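In this text, all values refer to a predicted model and were calculated from it rather than measured experimentally. Numbers restart at 1 for each chain; the letters A, B, ... are given by sequence-line order, proteins then strands.
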Number of protein chains: 2
Amino acid sequence: MTKVTNRLTETLNIRHPIVSAPMAFAGGGHLAAAVSRAGGLGLIGGGYGDPGWLDAQFEAARDERVGVGFITWSLRKSPSVLTDVLKYRPAAVMLSFGDPRPFVDEIKSAGAHVICQCQNMDHVWDAIDVGADIVVAQGGEAGGHGALRGTYTFVPEAADLLAKQASDTLLLAAGGIADGRGLAAARVLGADGVLVGTRLWASREALVHKQHHQAIIESNGDETIRTTAPDIARQIQWPRGFTARIRQNTFTRRWHGREDLLKQNLGEESLKYQKAFTEGDSENTGVWFGEAAGMIDTIESAKDIISQIAKDASLLLTS
Amino acid sequence: MTKVTNRLTETLNIRHPIVSAPMAFAGGGHLAAAVSRAGGLGLIGGGYGDPGWLDAQFEAARDERVGVGFITWSLRKSPSVLTDVLKYRPAAVMLSFGDPRPFVDEIKSAGAHVICQCQNMDHVWDAIDVGADIVVAQGGEAGGHGALRGTYTFVPEAADLLAKQASDTLLLAAGGIADGRGLAAARVLGADGVLVGTRLWASREALVHKQHHQAIIESNGDETIRTTAPDIARQIQWPRGFTARIRQNTFTRRWHGREDLLKQNLGEESLKYQKAFTEGDSENTGVWFGEAAGMIDTIESAKDIISQIAKDASLLLTS
């Protein structure tokens with residue numbers, strides 16, 4: 001019989017094996033703190049590493065024990081951002097999309113757990129190699145940046161490799177986990193817990209415009225797409241192999257598959273993208289959620305979301 | 001607490017909630033019969049509908065109770081193939097990739113269960129509309145033809161829709177299910193059972209060249225790709241929106257992304273593809289397996305595969 005709580009909850013000293021995805025822009029200090037208060041571990045979305053924003057978010061989290069996540073290739077351009085946030089003594093630092101090596105020692109020295117998010121088996125080997133405390137196996141169903149492996153096969157394959165090569169390393173499943181069924185499935189597939197993004201993007205505490213929230217309520221799981229269009233529009237040079245899953249809308253229908261044309265019109269289109277993002281025009285910008293949209297009909301508090309996931313998973317797995 | 005057996009095993013009168021995918025060319029009568037004998041339901045891969053081959057496969061299945069599956073858009077071109085196989089009184093007929101409407105009445109009149117395989121929520125609505133007995137929610141992790149939705153989110157979203165709209169309709173999860181963990185996860189995600197392809201492709205009874213079998217043993221789950229290249233090489237006109245997941249090899253590296261060039265060289269390249277397929281040259285043809293490859297290290301009997309999946313799922317879900 002599979003149980004919900006396990007060595008992950010012991011290691012992180014949390015009640016439920018649920019970690020919030022460090023969503024750039026959307027995952028601020030209020031959300032991270034609410035997730036931790038509810039019994040999970042909240043991660044602030046360090047994203048591309050804006051020092052002023054990060055200070056404000058750790059301030060917003062107050063005395064709650066939270067962690068933080070960074071986009072690794074971006075952090076290499078301004079590594080002092082990591083040094084700065086470590087003074088807040090985060091419980092964990094998650095590194096996604098790029099080589100974690102330059103940062104692992106500094107994070108461990110600060111007493112924080114190192115979480116490496118992986119999109120394929122080569123990444124998992126790398127995470128083992130650098131001595132990650134926790135590996136996240138992220139499937140392509142996830143909202144925001146990611147790659148192509150599906151959560152359903154990636155999680156058990158990663159679990160098998162960890163069992164053989166690094167049996168003390170913990171495993172989180174990510175990509176498409178939005179309710180107790182998703183947590184229960186992750187546990188039986190071999191993960192110790194889950195990383196939840198989209199479901200918490202659709203929470204009251206997330207830094208998301210209410211009209212973008214309305215868009216997820218109205219979308220089913222078919223209505224997202226993996227694309228490079230929003231990165232081009234924002235003039236952010238992502239490494240090859242990573243795409244962003246966002247809502248299918250006027251923006252994606254216009255530019256997905258016409259990326260070269262978008263590049264030729266960046267001056268105007270970047271401004272339009274940013275304006276629509278800020279103003280909550282959910283047709284003409286990137287709206288950052290994943291396939292789990294089809295299971296989300298309401299915007300709720302992070303506390304209610306975490307409690308419900310934990311309760312429902314428990315009912316599915318134990319009598 | 002979730003149990004492995006359920007209304008699906010009752011309805012189909014089987015011991016384990018496991019149905020074999022009707023894999024074109026690979027899933028013959030011996031495999032289907034072995035799956036049924038092991039306590040699941042075996043489906044012969046009717047594929048593009050070759051009457052002589054189908055007669056031989058039903059003959060090979062002998063008195064074992066099996067079903068059959070067809071590629072729906074292809075069956076429309078030769079509907080008499082369905083009429084012919086119904087005389088073998090299959091337990092179920094599965095329809096995949098296309099509008100099931102023209103065939104549902106004839107299948108039901110013959111006393112067979114109608115299984116509709118779906119790749120997105122519109123397909124599920126269609127399956128409800130035609131009165132399917134069983135819906136398969138197939139995620140993109142699957143080997144062979146399919147589409148983009150991930151199994152992890154598609155299954156619970158389909159389960160929610162069926163619960164609301166057609167609560168007697170049964171649900172199978174497909175795409176990436178290769179062991180007891182996959183069956184247990186499908187059950188907690190809301191499916192009544194699973195459709196297993198890749199794991200049974202890698203069985204002794206499958207009609208697969210031993211060198212293609214060797215290729216799956218050597219591949220991890222990262223080493224497959226969704227592409228239209230093998231359909232172009234075989235000169236089969238598939239409808240838009242469906243691609244084939246096959247092994248990444250010399251063939252896919254040469255032609256995926258250069259489909260127009262492949263079309264210009266069809267005379268020669270089609271022959272090379274078919275020759276390599278037949279001769280077991282697993283670098284220069286389509287080798288038809290999915291992301292579950294990373295969990296498969298041995299070729300086993302269908303009986304051992306089915307028994308192990310059922311046993312392991314049971315251990316994960318019950319004490």
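- With a threshold of 4.5 angstrom between heavy atoms, A/Glu141 approaches chain B through side-chain atoms but not through N, CA, C or O.
- For B/Ala178, no part lies under 4.5 angstrom from a heavy atom of chain A.
- Within the 4.5 angstrom heavy-atom criterion, only backbone atoms of A/Leu148 (N, CA, C, O) approach chain B.
- Rounding to the nearest 0.5 Å places CD of A/Glu223 at 10.5 Å from CG of B/Asn120.
- Residue A/Ala147: no heavy atom, backbone or side chain, is found under 4.5 Å from chain B.
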So B/Leu189 and A/Tyr152, side-chain contact (heavy atoms from CB on, under 4.5 Å) or not? Walk me through it. CA-CA 11 Å; B/Leu189 285 172; A/Tyr152 214 99; 3.7 Å; yes
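- In this structure, A/Arg181 and B/Asp160 have side chains that are in contact, with non-hydrogen atoms separated by less than 4.5 Å.
- With a 4.5 Å cut-off on side-chain heavy atoms, B/Leu317 and A/Val188 count as touching.
- In terms of heavy-atom pairs under 4.5 angstrom with chain B, the leader among A/Ala292, A/Ala186, A/Gly182 is A/Gly182.
- Of the listed residues (A/Asp179, A/Val155, A/Thr151, A/Asp122), the one with the most heavy-atom contacts under 4.5 Å to chain B is A/Thr151.
- Counting heavy-atom pairs closer than 4.5 Å to chain B, the top-ranked of the candidates A/Pro156, A/Gly140, A/Ala293 is A/Pro156.
- Panel note: side chain B/Asp222, backbone A/Met121; a donor-acceptor pair is recorded below 3.5 Å.
- Side-chain atoms of A/Thr2 come within 3.5 Å of backbone atoms of B/Leu316 as a donor-acceptor pair (strictly under, hydrogens ignored).
- Counting heavy-atom pairs under 4.5 Å between each of A/Arg226, A/Arg187, A/Glu157, A/Met295 and chain B puts A/Glu157 at the top.
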